[in-house]
Amino acid sequence: MRIDVVTLFPDMIQDGCRYGIPRIAQEKGLLQLGTWNPRDYSRNKHRNVDDRPYGGGPGMVMQVQPVAEAITAARAEGQGPVIYLSPQGRRLDQTAVRRFAELPHAILLAGRYEGIDERLITRHVDEECSIGDYVLSGGEPAALVWIDAVTRLLPGALGDEESALCDSFMDGLLDYPHYSRPEVVDDLAVPAVLTAGNHAEIARWRLKQSLGRTWRRRPDLLEQIDLNEEQQALLAEYIREQQTMESDGNP
Ligand code: 4HQ
């Protein structure tokens, strides 16, 4: 996959992709990363790329011409959609991440200031994408989130140690609890089922924990999936056990 990012801070993108999976994916040739700085396309002697908003108000707006020319330059690198990172976009979730990971090319547009001139969106943007309902000071951290989530799904990017098949969200559920050595920390022991070596029981326990945690913490996620018979039974078991613990006065 090739990803081109239009940004006033190309080093933020390049540096952010020098770690973890995005780095490995680049080293393996699975990810090609390019950056395009609208400032390089400014025709102003001060290399300005922003101007005051029509109608007044605080802050500045990124101008059409330098951003449009940076996008045009990036377009020559592939056939992918132009995706503007903004809180007005459709929320990025794992379903969208899987869809993006199938693209051979994407152009990410990271805005600064109050954002970009709306006519850039009308004429040059194919899709708006939000990483969550909060306000960043620029689109670059959002672009890094997008790149990280998408890159780790590229075939061959993850070792089998960190396989995407076992992910939280793989089946729309939250992750189960993880433990490593030592077996006891202060007064906290690893759940016995994990040290007993019965792999069917371990899989059953983990699925039950995933279901239970999703039910407790993110009931909205449970509404989006259809539980099979086994999953329904495990969740019922979790809920029953937890009610027992409540009446015991245990946490
Ligand atoms: N911004 N998800 C404002 C975001 C954001 C988000 C990016 C701040 C665009 C102009 N981007 N700039 N949330 O908060 O993607």
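Remember, it's 1-based here, ligands and their atoms both numbered in the order they're listed. Small disclaimer: the values here were computed from a predicted structure and weren't measured.
Nearest to atom 5 (C) of ligand 1 among the protein's heavy atoms is Pro87 CD, 3.6 Å. Residue, atom and distance of the protein heavy atom nearest to atom 3 (C) of ligand 1 are Leu136 O, 3.9 Å. Residue, atom and distance of the protein heavy atom nearest to atom 10 (C) of ligand 1 are Gly115 CA, 3.6 Å. Atom 2 (N) of ligand 1 has its closest protein heavy atom at Ile131 N, 3.0 Å. Nearest protein heavy-atom contact of atom 9 (C) of ligand 1 is Leu85 O, 3.4 Å. If you check which protein heavy atom lies closest to atom 12 (N) of ligand 1, you get Gly111 O, 4.0 Å.
Counting only heavy atoms from C-beta outward, the side chains of Val67 and Asp117 never approach each other to under 4.5 Å. Between Leu235 and Lys208 there is no side-chain heavy-atom pair separated by less than 4.5 Å. Side-chain contact between Ile21 and Leu31 is absent, with no heavy-atom pair separated by less than 4.5 Å. Proximity of Pro38 to Leu8: side-chain heavy atoms (C-beta onward) are separated by under 4.5 Å at one or more points.
Residue Ser86 touches ligand 1 through its backbone alone, judged by heavy-atom distances below 4.0 Å. The residue Ser137 has no part lying near ligand 1, judged by heavy-atom distances below 4.0 Å.
Shown in contact with Ala142 at under 4.0 Å from a heavy atom are these atoms of ligand 1, numbered in order with element: 11 (N), 15 (O). Counting atoms of ligand 1 from 1 in the listed order, those under 4.0 Å from a heavy atom of Tyr134 are 13 (N), 14 (O). Residue contact check: Val135 has heavy atoms under 4.0 Å from atoms 14 (O) of ligand 1. If you number the atoms of ligand 1 from 1 as listed, the ones under 4.0 Å from a heavy atom of Gly132 come out as 13 (N). In the vicinity of Gly139, heavy-atom distances shorter than 4.0 Å reach the ligand 1 atoms 7 (C). Below 4.0 Å from some heavy atom of Cys129 lie the following atoms of ligand 1, by number and element: 15 (O).
Between Trp215 and Tyr238, the ring-plane angle classifies as perpendicular under the 30° and 60° cut-offs.
Applying the salt bridge (Lys or Arg N to Asp or Glu O under 4.0 Å) rule to Asp148 yields no partners; only residues at least two apart in sequence or on another chain are considered. Evaluation of the side chain to side chain contact (heavy atoms under 4.5 Å, CB included) rule for Asp186 yields no partner, not counting sequence neighbours.
Distance alone, capped at 3.5 Å, is enough to place a donor-acceptor pair between the Ser210 side chain and the Leu174 backbone. With hydrogens and angles disregarded, a donor-acceptor distance shorter than 3.5 Å links the side chain of Gln65 to the backbone of Tyr41. Put simply, the side chain of Asp126 gets close to the backbone of Val82: a donor and an acceptor are under 3.5 Å apart.
Of the N or O atoms in Arg112, none lie within a sub-3.5 Å distance of an N or O in ligand 1.
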